[in-house]
Amino acid sequence: MTRREIYEQLLHEIPLLIGAEGKYAADLIGKMALFSAAVKRRFPDLIFIGFYIVKDQYLHIGPYQGDIIACTPIAFGSGVCGKAAADRETLIVNDVCDFPGYIACDSETRSEIVLPVVQEEELIAVLDIDSGKPGRFDDLDQHYLELLLKIVFDNSTS
Ligand code: SME
């Protein structure tokens with residue numbers, strides 16, 4: 001399957017599992033846990049996928065999948081996660097060695113995508129995904145992941 005096909009499958013699957021109509025009626029932490037598990041299951045090559053939750057201008061580790069110990073807390077503006085949170089913009093880093101201030105939680109990660117999670121116009125978290133392959137993430141990932149995050153976490157505005 002291509003990456004696009006996998007994302008199309010996730011677009012169908014994730015709302016059924018954890019969207020507004022999700023059969024488990026998960027709370028926020030539950031949605032983050034199920035989201036991480038659902039995406040990791042379809043992309044087993046990922047090293048880490050998980051959420052950092054915003055609290056008092058810091059990002060605190062939330063539910064995640066991956067065999068690493070996540071760095072926490074992360075200040076707004078620090079590392080890839082902190083910069084994406086401060087700018088409220090998706091950030092794709094093709095080679096983490098080139099990112100000034102990159103926070104290394106493991107020695108395998110080579111590329112990373114971080115997306116803001118917004119609910120009712122408020123930044124509540126960021127989604128962080130790491131890969132061991134340089135340049136693993138592009139516009140296609142950004143498009144589908146932003147869509148999935150909107151469906152799951154900001155369906156109040158749709
Ligand atoms: N590399 C991230 C820190 C989080 S870990 O990758 C799980 C960063 O620079 O913000």
Side-chain angles (χ1 to χ4, degrees), residues 1-11 13-14 18 28-119 121-154:
M1 275 176 103
T2 64
R3 249 184 324 143
R4 184 183 294 279
E5 286 167 341
I6 294 173
Y7 277 121
E8 287 292 335
Q9 193 174 38
L10 284 169
L11 265 185
E13 185 173 279
I14 283 187
I18 47 179
L28 190 61
I29 297 295
K31 283 182 176 185
M32 290 177 175
L34 291 167
F35 189 101
S36 304
V39 177
K40 179 79 165 84
R41 187 171 61 158
R42 297 291 175 210
F43 291 112
D45 61 303
L46 299 174
I47 288 177
F48 173 93
I49 169 167
F51 292 85
Y52 279 91
I53 298 169
V54 174
K55 195 180 167 202
D56 302 331
Q57 289 297 300
Y58 276 87
L59 299 169
H60 296 265
I61 192 63
Y64 72 91
Q65 296 264 319
D67 187 17
I68 71 167
I69 302 300
C71 310
T72 189
I74 295 174
F76 267 52
S78 295
V80 189
C81 291
K83 176 145 179 46
D87 297 346
R88 272 197 185 211
E89 272 179 12
T90 296
L91 209 47
I92 293 174
V93 177
N94 289 324
D95 190 334
V96 296
C97 301
D98 296 338
F99 190 91
Y102 169 72
I103 299 167
C105 306
D106 70 292
S107 55
E108 308 292 316
T109 294
R110 292 299 309 279
S111 61
E112 179 161 352
I113 182 170
V114 181
L115 305 101
V117 182
V118 174
Q119 197 165 59
E121 293 180 25
E122 192 181 332
L123 181 77
I124 59 162
V126 296
L127 172 64
D128 179 20
I129 309 181
D130 296 345
S131 167
K133 202 174 139 201
R136 162 67 177 73
F137 306 104
D138 61 18
D139 292 353
L140 184 85
D141 301 282
Q142 177 170 353
H143 168 73
Y144 279 105
L145 289 165
E146 286 179 353
L147 202 53
L148 287 166
L149 288 173
K150 185 163 175 49
I151 290 168
V152 173
F153 296 98
D154 201 20

Just wondering, are more than 12 heavy atoms of other shown residues or ligands nearer than 6.0 Å to [atom1] in [X]?
X	atom1	value
Asp67	CG	no
Lys40	NZ	yes
Glu122	CD	no
Tyr102	OH	yes

Indicate yes or no: at least one non-hydrogen side-chain atom of [X] is less than 4.5 angstrom from one of [Y].
X	Y	result
Asp138	Arg3	yes
Leu11	Leu148	yes
Ile124	Leu28	yes
Glu108	Ile68	no
Phe137	Leu145	no
Val96	Val80	no
Tyr144	Arg4	yes
Met1	Gln9	yes

So how far is it from [X] [atom1] to [Y] [atom2], rounded to the nearest 0.5 Å?
X	Y	atom1	atom2	result
Lys150	Leu115	NZ	CG	14.0 Å
Arg42	Leu10	CZ	CG	6.5 Å
Leu127	Ile113	CG	CD1	8.0 Å
Asn94	Arg136	CG	CZ	12.0 Å
Asp154	Leu149	CG	CG	10.0 Å
Cys81	Asp128	SG	CG	3.5 Å

(request) I would like to know whether Thr109 and Phe48 meet side chain to side chain contact (heavy atoms under 4.5 Å, CB included); could you show each step before the answer? (result) CA-CA 9 Å; Thr109 294; Phe48 173 93; 5.8 Å; no

(message) I need the single residue from Leu123, Thr72, Ile74 that forms a side-chain contact (heavy atoms from CB on, under 4.5 Å) with Leu59. Which is it?
(response) Ile74

(message) Exactly one of Leu34, Ile151, Val39 should register a side-chain contact (heavy atoms from CB on, under 4.5 Å) with Ile14. Which one does?
(response) Val39

(request) Look only at the side chain of Gln119 and the backbone of Phe153, and say whether a donor-acceptor pair between them is shorter than 3.5 Å. (result) yes

(request) Would you check if the side chain of Ser36 reaches a backbone N or O of Gln65 as a donor-acceptor pair within less than 3.5 Å? (result) no

(message) Assess the residue pair Asp45 and Lys133 against the criterion (side chain to side chain contact (heavy atoms under 4.5 Å, CB included)); give the C-alpha distance rounded to whole Å, side-chain angles, the decisive distance to 0.1 Å, and a yes or no.
(response) CA-CA 9 Å; Asp45 61 303; Lys133 202 174 139 201; over 6 Å; no

